[in-house]
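If you're wondering where the values come from, they're calculated on a predicted model, not measured in any experiment. Just so it is clear, the values below take in all heavy atoms, side chains as well, and ignore hydrogens, waters and symmetry mates. Chain A is the first sequence line, chain B the second, and so forth, proteins listed ahead of strands; every chain is numbered from 1.
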Amino acid sequence: MWIRVLIFLALLVSILFLNWWITTSIVLVYLFLFNAYEVIFFGLVLDSLYATSVPGFFGIEFIFTILFSTLFVLTYFLKKELIYYPAL
Amino acid sequence: MRMNSSIKIKRNVRSKKKVAVVIFLFVVILALSQFSNINPFSSLLHTLVRPVWIIGNIFSEKATTFFGLLNSKRNLIDENERLKAQLRNREAFSDINNVLVSENRELQELLGRNVTDTFVVGRVLARPNVTLYDTFIIDVGKRDSVMLGDRVVAENYFVIGDISDVFNKTSIVTMFSAPGKRTNVILGPTNILVVAEGLGGGNFTTKLPRGVDIEVGDNISLADIGVNIFGQVENIIATPAGQFQTILFKNPVNMAELRFVRVVR
């Protein structure tokens with residue numbers, strides 16, 4: 001429980017002050033430790049704060065929402081196959 | 001036994017429903033991204049997060065000062081000598097620069113162009129490395145008469161981006177180096193008009209025919225009236241068989257250390 005709260009707070013600090021790849025790494029750790037649906041919310045927050053229409057991303061302003069949602073779905077199915085997660 | 005398996009089945013169905021909801025949300029958000037102006041959270045989040053950014057920056061500055069005190073004397077002496085040498089080089093350049101700027105203003109006045117820029121100074125709250133968008137946040141917004149499209153200048157002459165979104169007390173600045181963003185610039189001493197394409201992180205690229213004379217260190221400026229330094233050529237890639245040469249250049253401003261910018265109207 002406390003670990004989840006700590007990672008939640010670390011993610012909150014990361015999306016405001018740290019590099020995007022640190023944020024993504026914390027998200028991956030969070031997803032592997034818990035079924036953390038709230039990462040999609042963090043993706044939305046990141047995009048709402050900083051996103052703008054950029055030609056390199058085809059004008060899409062929800063890059064992190066899409067990325068974190070994809071990671072969520074991928075880790076969900078990956079964890080089912082891993083022996084470390086017997087209860088899933 | 002039967003109860004255990006039925007509980008398992010119920011649990012499986014519930015978790016599959018949850019995944020289905022997530023996938024549905026994902027698709028909805030993807031569809032929403034086509035109408036990218038619809039984001040009611042942005043304004044609210046900017047209002048809520050602005051004080052957090054300000055406090056974070058204060059702590060960051062204090063921490064930098066504190067850790068500076070822990071630096072060894074040897075390191076400090078070496079850094080002092082290096083900075084003094086840099087300053088000596090820059091002082092000479094600065095004198096020439098001031099003469100050129102003054103001459104530029106006089107010529108603009110002779111041509112009857114408006115030479116006075118109205119600007120507002122903004123503090124950088126969040127730097128570009130936080131996301132992939134190559135944007136940063138400043139603490140001025142609608143309240144300070146900042147408008148969409150206003151140009152953002154660092155260290156007096158270096159043009160780094162423009163305002164892409166304005167909120168009440170904050171604004172989002174998109175750097176010219178945002179991936180795929182194209183900007184008309186003037187390259188080198190022969191003033192060649194080219195299109196610079198952003199690569200992210202303050203880096204740009206453009207292509208020129210092989211015969212065109214360009215050197216590393218040549219200046220690039222915005223295709224506009226006034227002193228608007230855009231970047232400096234860092235590398236030129238030309239293969240013997242190719243008809244074009246790829247010019248790589250970057251904005252000389254160190255975004256990690258930038259604290260204040262000017263928003264020019």
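The parts of F64(A) that come within reach of chain B are both its backbone and its side chain, each placing non-hydrogen atoms under 4.5 angstrom from that chain. Both the backbone and the side chain of L132(B) come within less than 4.5 Å of a heavy atom of chain A. Proximity to chain A (any heavy atom under 4.5 Å) is restricted, for T135(B), to the side chain, taken from C-beta onward. Contacts between I63(A) and chain B at a heavy-atom distance below 4.5 Å involve backbone atoms as well as side-chain atoms. Both the backbone and the side chain of V45(A) come within contact range of chain B, with heavy atoms under 4.5 Å apart. Contacts of V130(B) with chain A are made by both backbone and side-chain atoms, with heavy-atom separations under 4.5 Å.
Among L46(A), V54(A), I15(A), the residue with the largest count of heavy-atom pairs under 4.5 Å with chain B is V54(A).
Residues D47(A) and Y133(B) have side chains in contact (heavy-atom distance under 4.5 Å, counting atoms from C-beta outward). When side chains are defined from C-beta on, D165(B) does not count as touching T52(A), because their heavy atoms never get closer than 4.5 Å. Counting heavy atoms from C-beta on, the side chains of L248(B) and N203(B) never come closer than 4.5 Å. A 4.5 Å side-chain heavy-atom check between I7(A) and F34(A) finds at least one atom pair inside the cut-off. For the pair H46(B) and W53(B), the minimum side-chain heavy-atom distance is below 4.5 Å.
For the ring pair (Phe, Tyr, Trp, His ring centres under 6.0 Å) test, no residue two or more places apart in sequence or in another chain qualifies with F41(A).
Aromatic ring centres of F68(A) and F42(A) lie farther apart than the 6.0 Å criterion allows.
Contact residues of residues 19-29 of chain A toward chain B are N19(A), W20(A) (heavy-atom distance under 4.5 Å).
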